[in-house]
Amino acid sequence: MLCSTSSTAGSRSAHVKVTATPRAPLRVVQAHSVWKTAVSFETARLTRLIVTRQAIKTTLNYLSETNGELHFFLHNYVADNPLSLDGRVDPDDWLAQLASSPLLRVSDPSRSSVPSAAALAAVTAGEREVSLRDAVERIMGLREHIAAEMREELSQSGVRAANADVMRRALTKSTGEVKMPEV
């Protein structure tokens with residue numbers, strides 16, 4: 001017995017294949033709704049890299065307004081260890097390396113996020129430290145948020161709708177250029 005069904009839940013479709021023979025038990029196999037292509041690994045890697053870079057930029061912008069000390073150290077780390085699009089550095093490895101950085105002592109009281117006499121005293125006494133792990137946690141949270149936004153945007157606006165628009169414009173352009181012979 002071979003039975004194949006398909007159901008749609010939201011915008012994703014799931015296909016289920018049920019097989020059974022007289023001697024073999026009933027077996028249900030759930031197929032993927034989206035088949036992986038030969039370049040899907042590269043696409044996923046590049047997407048994760050772009051999302052991570054955007055999260056870093058957003059975190060730096062936020063820290064420039066709220067935590068000057070952490071912004072200073074994260075900015076320097078990004079400058080010394082760039083996360084380039086050419087794929088030489090994996091974004092997950094980059095984040096793990098950043099998260100494993102030791103605590104850094106603040107030596108410039110003017111970079112304190114709370115400029116006060118107590119902050120100045122803590123910096124001059126060498127008691128103020130910055131943890132880059134805090135920045136990594138913010139980056140990872142933003143990375144999840146940006147990825148969810150991208151997924152939502154791609155599903156709402158739809159690549160399918162964009163493809164249809166491209167074909168419509170191409171057909172309009174090509175039929176507009178064709179001259180009908182005069183009779």
Side-chain angles (χ1 to χ4, degrees), residues 1-19 27-67 70-71 74-99 132-183:
M1 176 179 115
L2 178 63
C3 176
S4 179
T5 63
S6 116
S7 65
T8 304
S11 62
R12 297 186 72 167
S13 62
H15 304 284
V16 177
K17 182 178 176 183
V18 179
T19 59
R27 195 174 71 170
V28 177
V29 178
Q30 176 104 19
H32 294 286
S33 59
V34 178
W35 297 100
K36 299 264 184 195
T37 64
V39 294
S40 40
F41 173 77
E42 180 65 20
T43 303
R45 186 198 63 78
L46 184 60
T47 303
R48 199 170 59 248
L49 180 64
I50 291 169
V51 167
T52 303
R53 284 176 54 120
Q54 286 304 113
I56 292 168
K57 288 178 186 179
T58 305
T59 301
L60 280 169
N61 185 38
Y62 174 75
L63 289 176
S64 70
E65 298 173 359
T66 59
N67 190 337
L70 191 53
H71 174 265
L74 181 60
H75 183 273
N76 286 343
Y77 186 86
V78 171
D80 293 341
N81 306 291
L83 191 57
S84 61
L85 288 175
D86 62 6
R88 287 181 288 158
V89 179
D90 179 60
D92 297 337
D93 292 341
W94 190 90
L95 286 171
Q97 183 65 33
L98 178 61
L132 290 175
R133 184 172 292 188
D134 294 340
V136 171
E137 289 174 2
R138 290 180 187 197
I139 291 168
M140 289 188 304
L142 274 169
R143 192 165 79 153
E144 281 184 46
H145 180 74
I146 292 169
E149 281 181 345
M150 285 177 63
R151 185 174 39 254
E152 183 179 315
E153 177 66 29
L154 286 173
S155 67
Q156 282 181 357
S157 66
V159 174
R160 188 175 296 166
N163 287 347
D165 184 53
V166 167
M167 288 306 294
R168 181 189 53 78
R169 289 187 301 173
L171 287 171
T172 304
K173 195 174 200 178
S174 63
T175 57
E177 294 174 3
V178 173
K179 303 254 186 211
M180 297 301 286
E182 292 182 24
V183 182

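Note: hydrogens, waters and symmetry copies are ignored here, and every other heavy atom, side chains too, is used.
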Novice: One pair to check against side-chain contact (heavy atoms from CB on, under 4.5 Å): Ile50 and Met150. What are the steps and the verdict?
Specialist: CA-CA 11 Å; Ile50 291 169; Met150 285 177 63; 5.7 Å; no

Novice: Could you work out, with side-chain contact (heavy atoms from CB on, under 4.5 Å) as the rule, every residue matching Asp90, not counting sequence neighbours?
Specialist: Arg48, Asp92, Asp93

Novice: Which pairs pass salt bridge (Lys or Arg N to Asp or Glu O under 4.0 Å) with one or both residues in residues 132-142, sequence neighbours excluded?
Specialist: none

Novice: For residues 53-63, tabulate all N or O donor-acceptor pairs below 3.5 Å that involve a side-chain atom, not counting sequence neighbours.
Specialist:
from	atom 1	to	atom 2	distance (Å)
Arg53	NH1	Leu83	O	2.7
Thr58	OG1	Gln54	O	2.9
Thr59	OG1	Ala55	O	2.7

Novice: Going by the rule ring pair (Phe, Tyr, Trp, His ring centres under 6.0 Å), which residues pair with His145 if we only count those two or more places apart in sequence or in a different chain?
Specialist: none

Novice: Does Leu98 reach the side chain of Val78, with side-chain heavy atoms less than 4.5 Å apart?
Specialist: no

Novice: Provide the closest heavy-atom pair for Leu49 versus Val89 in the form atom of the first, atom of the second, distance.
Specialist: CD1-O, 4.3 Å

Novice: So, using side-chain contact (heavy atoms from CB on, under 4.5 Å) as the criterion, who are the partners of Glu144 when residues are at least two apart?
Specialist: none

Novice: Who passes side-chain contact (heavy atoms from CB on, under 4.5 Å) against Asp165, sequence neighbours left out?
Specialist: Arg168, Arg169

